[in-house]
Amino acid sequence: MYSFMGGGLFCAILGNILIVVSTATDYWMQYRLSGSYAHQGLWRYCMANKCYMLTAGASKLLPKSQKMTTQITGAVLWLIQAYWNATRAFMILSGIACFAGVMAGILSFTHFAAFERFSRSFAASILFFISTIFALLAMAIYTGVTLSFLGKRFGDWRFSWSYILGWVAMLMTFFAGILYMCAHRTYESRRVVGSR
């Protein structure tokens with residue numbers, strides 16, 4: 001039981017660190033723009049060693065080939081900002097759920113009489129699965145919009161290491177949830193055998 005919890009706690013702490021690093025860094029996507037390389041994250045984009053907030057320069061990311069009216073341009077800008085906001089929100093929620101799972105996971109090593117009927121390892125596994133779902137939603141939203149909209153804007157582009165860290169963090173929180181669920185099942189089976 002403790003080996004499952006130890007492995008799960010290791011995966012969860014590593015996953016939480018990766019979620020924070022992935023969310024905070026500016027290398028989700030790299031591309032070539034105006035002859036120089038640029039990169040962007042969830043909060044800002046950088047070109048020629050200068051960084052700008054994404055919301056301030058979102059109009060530069062619109063496709064030049066489309067003839068749009070002001071109303072359509074405003075709607076497209078709103079959609080771009082909405083997808084960044086959704087990705088940010090789901091990554092932040094994933095980090096919060098993972099942190100709460102880490103706290104519940106640490107508490108599952110202790111034995112308080114007041115918490116005897118409350119399975120802390122089960123609660124930790126559920127929080128890790130919630131964190132996984134939030135990270136999956138964030139990564140799916142970012143991937144879908146980037147492939148269908150932003151990827152068409154830039155001819156020479158690729159996902160970068162911050163994006164990859166987001167996927168690895170999602171896997172780590174998923175494995176933490178599985179390991180804590182195994183710890184819970186092991187504890188429950190021992191408790192049932194011991195009560196006979």
Side-chain angles (χ1 to χ4, degrees), residues 8-9 11-31 33 38-47 51-63 71-106 122-154 157-178 180-181:
L9 192 58
C11 288
I13 290 171
L14 184 60
N16 205 7
I17 290 169
L18 292 178
I19 288 170
V20 170
V21 170
S22 175
T23 305
T25 54
D26 298 326
Y27 285 89
W28 280 61
M29 178 180 174
Q30 291 180 331
Y31 49 90
L33 187 65
H39 57 88
Q40 75 178 30
L42 297 179
W43 308 100
R44 60 188 188 157
Y45 67 97
C46 300
M47 296 185 320
C51 294
Y52 308 94
M53 295 301 292
L54 275 174
T55 54
S59 61
K60 292 181 182 179
L61 299 175
L62 290 175
Q71 185 179 18
I72 294 173
T73 304
V76 171
L77 282 175
W78 180 83
L79 286 174
I80 290 173
Q81 291 174 354
Y83 113 87
W84 276 318
N85 288 338
T87 305
R88 292 174 193 151
F90 283 128
M91 287 301 283
I92 290 169
L93 288 172
S94 176
I96 291 169
C98 188
F99 182 76
V102 167
M103 292 297 113
I106 290 171
F122 183 73
S125 70
I126 295 301
L127 286 167
F128 294 138
F129 287 136
I130 290 170
S131 176
T132 301
I133 290 170
F134 283 146
L136 179 63
L137 285 171
M139 301 308 291
I141 289 169
Y142 189 85
T143 303
V145 173
T146 300
L147 290 177
S148 65
F149 183 74
L150 293 178
K152 294 177 182 177
R153 165 73 167 99
F154 309 111
W157 70 276
R158 64 186 173 122
F159 291 116
S160 193
W161 60 268
S162 296
Y163 174 81
I164 294 167
L165 286 182
W167 282 109
V168 173
M170 186 204 65
L171 288 174
M172 290 309 224
T173 57
F174 179 71
F175 290 139
I178 287 175
Y180 266 93
M181 188 60 72

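At a threshold of 4.5 Å between non-hydrogen side-chain atoms, the residues Gln30 and Phe159 do not count as touching. Between Tyr45 and Met53 the shortest side-chain heavy-atom distance does not fall below 4.5 Å. In this structure the side chain of Ile178 reaches within 4.5 angstrom of the side chain of Phe129, judged on heavy atoms. With a 4.5 Å cut-off on side-chain heavy atoms, Phe90 and Ile141 count as touching. In this structure, Leu42 and Ser22 have side chains that are not in contact, with every pair of non-hydrogen atoms separated by 4.5 Å or more.
Closest approach of Ser162 and Asp26 over heavy atoms only: OG-N, 4.2 Å. Considering every non-hydrogen atom in both Thr146 and Tyr142, the closest pair reads OG1-O, 2.7 Å. In terms of heavy atoms, Met139 sits closest to Met91 at SD-SD, 4.3 Å. Pairing each heavy atom of Gly15 with each of Cys98, the nearest pair is C-SG, 4.5 Å. When all heavy atoms of Trp157 and Leu147 are compared, the pair lying nearest together is CH2-CD2, 3.5 Å. The two residues Gly8 and Tyr180 make their nearest non-hydrogen contact at C-CE1, 3.5 Å.
Taken to the nearest 0.5 Å, the CG atom of Leu127 stands 11.5 Å off from the OG1 atom of Thr173.
Judged by distance alone, the side chain of Ser125 and the main-chain N or O of Phe122 form a donor-acceptor pair under 3.5 Å. Checking side-chain atoms of Trp28 against main-chain N and O of Thr23 turns up no donor-acceptor pair under 3.5 Å.
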Margin query: If you apply the rule side chain to side chain contact (heavy atoms under 4.5 Å, CB included), what do you find for Tyr31 with Gln40, and how did you get there?
Written below: CA-CA 9 Å; Tyr31 49 90; Gln40 75 178 30; 3.7 Å; yes
Next item on the list: Using the side chain to side chain contact (heavy atoms under 4.5 Å, CB included) rule, take Trp161 and Val21 through it: C-alpha gap first, then chi angles, then the decisive distance, then the call.
Entry: CA-CA 10 Å; Trp161 60 268; Val21 170; 4.2 Å; yes
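Thr143 and Tyr163 are linked by a side-chain donor-acceptor pair at a separation below 3.5 angstrom, with hydrogens and angles left out of the test.
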